[in-house]
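One structure is given here, and the rest of the page talks about it.
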Amino acid sequence: MINSRNILLMLAAIACIMVGAIAAPTPRVIEPDGMDLSLDGMQISDPEHTAEYMEMTGGTAKPGLQTYGRNLAGNWSFELKNMKSFPIGDIELRLYQSEAALFGTGIFKQGLNRQIATAEGSLLEGNAMILNVVSLDNVFLYRMTLNSADGNSTSGAFTLYSPAGEAPAKGTVSGGRSDVRRIS
């Protein structure tokens, strides 16, 4: 039989679950209409490709976007956290830009472990951008959707894909340019 003590314990457990769900931070990412976040639309650039190569091939930018006025080339650092706000790693990138295409190389750091990484992405309408980072040793894909209102700091969300085909993991990302550009 269920007594009042068991009912109170069940209600307390449900209340804890609800409070935890409400208190967990939810990243706010603005996704412009028509933005394709599927793996089908992804193209990873080779780390050896230059701005000239990306210009010749057209990169991954969607034609007609009038976002080329934003210059996000430079040195960037990103901190990745899981959905419980636990840090899972840092990414330091040197990004290059050709029109709306972003690409570059860098380092993925997880504790004392360091891996070479490559990046590819696109500027999107408004302040949004998408950036795909692949750690080359373990071959993990970090697909980041970011907003950068000032061009020097950014925040958003990421989805982590593993080569083993496990269910993707999600989290938040924040970061900024380490060689801050000033508007004069």
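All heavy atoms count here, side chains included; hydrogens, waters and symmetry mates do not.
- Thr159 pairs by the side-chain hydrogen bond (donor to acceptor under 3.5 Å, both in side chains) definition with Lys170, not counting sequence neighbours.
- Expressed to the nearest 0.5 Å, how far OG1 of Thr172 lies from CG of Asn82 amounts to 8.0 Å.
- Judged as a ring-ring contact (aromatic ring centres under 6.0 Å, His included), not a single pair has a partner in residues 110-129 (not counting sequence neighbours).
- Between the CZ atom of Phe103 and the CG atom of Leu95 there is a distance of 9.5 Å, given to the nearest 0.5 Å.
- For the pair Leu80 and Leu160, the minimum side-chain heavy-atom distance is 4.5 Å or more.
- Listed for the Gln97 side chain is a donor-acceptor partner under 3.5 Å among the backbone atoms of Glu99.
- Between the side chain of Gln110 and the backbone N or O of Ile88, at least one donor-acceptor pair lies under 3.5 Å.
- Screening residues 111-147 for ring-ring contact (aromatic ring centres under 6.0 Å, His included) gives Phe108-Tyr142 as the qualifying pairs, with residues at least two apart or on separate chains.
- Annotation: side-chain hydrogen bond (donor to acceptor under 3.5 Å, both in side chains) contacts of Ser77 (sequence neighbours excluded): none.
- Judged by distance alone, the side chain of Ser148 and the main-chain N or O of Ser153 form a donor-acceptor pair under 3.5 Å.
- Contact annotation: the side chain of Thr105 never approaches that of Ile116 to less than 4.5 Å [non-hydrogen atoms, C-beta and beyond].
- Asn132 contributes atom CG, which lies 10.5 Å from atom CG of Leu102 (distance to the nearest 0.5 angstrom).
- In terms of heavy-atom proximity, Met144 sits nearest to Phe158 at CG-CB, 3.7 Å.
- In plain terms, the two heavy atoms of Arg94 and Asn75 that are nearest each other are CD-OD1, 2.9 Å.
- Take Ala149 and apply the side-chain contact (heavy atoms from CB on, under 4.5 Å) test, not counting sequence neighbours, and it matches Asn127.
- Applying the side-chain contact (heavy atoms from CB on, under 4.5 Å) rule to Asp137 yields the partners Gln115; only residues at least two apart in sequence or on another chain are considered.
- The shortest heavy-atom contact between Ala119 and Leu131 is CB-CD1, 4.3 Å.
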For a side chain to side chain contact (heavy atoms under 4.5 Å, CB included) check, start with the C-alpha distance between Leu72 and Arg177, then their side-chain angles and the critical distance, and finish with the verdict.
CA-CA 8 Å; Leu72 298 181; Arg177 193 190 301 255; 3.7 Å; yes
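- For the pair Val133 and Phe78, the minimum side-chain heavy-atom distance is 4.5 Å or more.
- Between the CD atom of Glu92 and the OG atom of Ser178 there is a distance of 7.0 Å, given to the nearest 0.5 Å.
- Of all heavy-atom pairs between Leu136 and Val139, the closest is O-CG2, 3.6 Å.
- Between Tyr96 and Gly104 the shortest heavy-atom distance is CD1-CA, 4.1 Å.
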